[in-house]
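Structure first, commentary second.
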Amino acid sequence: QVQLVESGGGSVQPGGSLRLSCAASGSRFSIHDMGWYRQAPGGEREMVASITPGGFASNGDSVKGRFTITRDNAHNLVYLHMNSLKPEDTAVYYCSANWKHTWGSSYFDVWGQGTLVTVSS
């Protein structure tokens, strides 16, 4: 099994920056796509950004130009660099990964426990 652990959430003023980190752990696995999702209070979970093993990134419309997703394949890490934060970015942010056993062919999805980001003055 693969587990994801997020870190880096917290409170920040509008216009500020934060970097979220997500570490994947387990044994004998490989990870395909990784991504970040968020869920605001009373809202639905939405995709924030995703990235392929080769580094091709996609961002949700609401964060384009402000958030950047990167990954470190050697260490099974993915980051979300958030700039120019707005109050509407307040949400619980979840890391996700699509992974398989080293010897297998089926892919599975796994989610982290979430980390809260609060943007407020």
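Each residue takes its place number in the sequence, starting with 1.
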Problem - S21 OG to L80 CG distance, which is reported to the nearest 0.5 Å - result: 9.5 Å
Handout entry: Shared hydrophobic cluster, W36 / V92 (ILVMFWY, side-chain heavy atoms < 4.5 Å)
Key = no
Problem - R45 charged N/C atom sitting above Y94 aromatic ring, 6.0 Å / 45° - result: yes
Problem - CD (Q39) with more than 12 external heavy atoms under 6.0 Å - result: yes
Handout entry: Main-chain N/O of G9 paired with T115 side-chain donor or acceptor, under 3.5 Å
Key = yes
Practice task
Could you walk me through whether T90 and V117 pass the side chain to side chain contact (heavy atoms under 4.5 Å, CB included) test, one step at a time?
Solution key: CA-CA 5 Å; T90 296; V117 172; 6.0 Å; no
Problem - Any side-chain heavy-atom pair of H32 and K100 under 4.5 Å - result: no
Practice task
Would you check if there is a donor-acceptor pair between the side chains of S17 and R66 at a distance under 3.5 Å?
Solution key: no
Problem - Donor-acceptor contact below 3.5 Å, side chain S30 vs main chain T102 - result: no
Exercise for the section: Report the relative orientation of the aromatic rings in F29 and W99; use parallel for angles under 30°, tilted for 30 to 60°, perpendicular for over 60°. Expected result: perpendicular
Handout entry: Interatomic spacing from OG in S58 to CD1 in I51 - rounded to 0.5 Å
Key = 9.5 Å
Problem - In one Ile/Leu/Val/Met/Phe/Trp/Tyr side-chain cluster, 4.5 Å: W111, V48 - result: no
Practice task
Under the side-chain contact (heavy atoms from CB on, under 4.5 Å) rule, collect the residues that match up with T68, sequence neighbours excluded.
Solution key: T70, H81
Practice task
Taking all heavy atoms of D33 and all of P53, pick out the closest pair and write down the distance.
Solution key: OD1-CD, 3.6 Å
Exercise for the section: Take atom CD of Q1 as the centre, draw a 6.0 Å sphere, and report whether it contains more than 12 heavy atoms from other residues, nucleotides or ligands. Expected result: no
Practice task
Answer whether the closest heavy-atom distance between the side chains of N83 and L85 falls below 4.5 Å.
Solution key: no
Practice task
Evaluate the side-chain proximity of P87 to P14: yes if any heavy-atom separation is below 4.5 Å, no if none is.
Solution key: yes
Handout entry: Any side-chain heavy-atom pair of C95 and Q113 under 4.5 Å
Key = no
Problem - Minimum heavy-atom distance between L20 and M82, given as atom pair plus value - result: CG-CE, 3.7 Å
Fill in the blank from the handout: Nearest heavy-atom contact between A24 and V2 is CB-CG1, 4.2 Å
Completion exercise
Closest non-hydrogen contact found for M34 with V78 is CE-CG1, 3.6 Å
Handout entry: For L77, side-chain contact (heavy atoms from CB on, under 4.5 Å) partners two or more places apart
Key = A23, D72, H75, Y79
Handout entry: Working for side chain to side chain donor-acceptor pair (under 3.5 Å), residues S62 and R38
Key = CA-CA 12 Å; S62 61; R38 68 184 182 186; 3.1 Å; yes
Problem - Charged N-O contact under 4.0 Å between K86 and D89 - result: no
Exercise for the section: Group every Ile, Leu, Val, Met, Phe, Trp and Tyr by side-chain heavy-atom contacts under 4.5 Å, then state whether V63 and Y37 land in the same group. Expected result: no
Problem - Where A49 and M47 come nearest, the two heavy atoms and their spacing - result: N-SD, 3.1 Å
Exercise for the section: Treat each ILVMFWY residue as a node, draw an edge where side-chain heavy atoms are under 4.5 Å apart, and state whether V110 and F108 are in one component. Expected result: yes
Handout entry: Any donor-acceptor pair under 3.5 Å from E6 side chain to C22 backbone
Key = no
Problem - Shortest non-hydrogen contact between I69 and A57, atoms and distance - result: CG2-CB, 3.6 Å
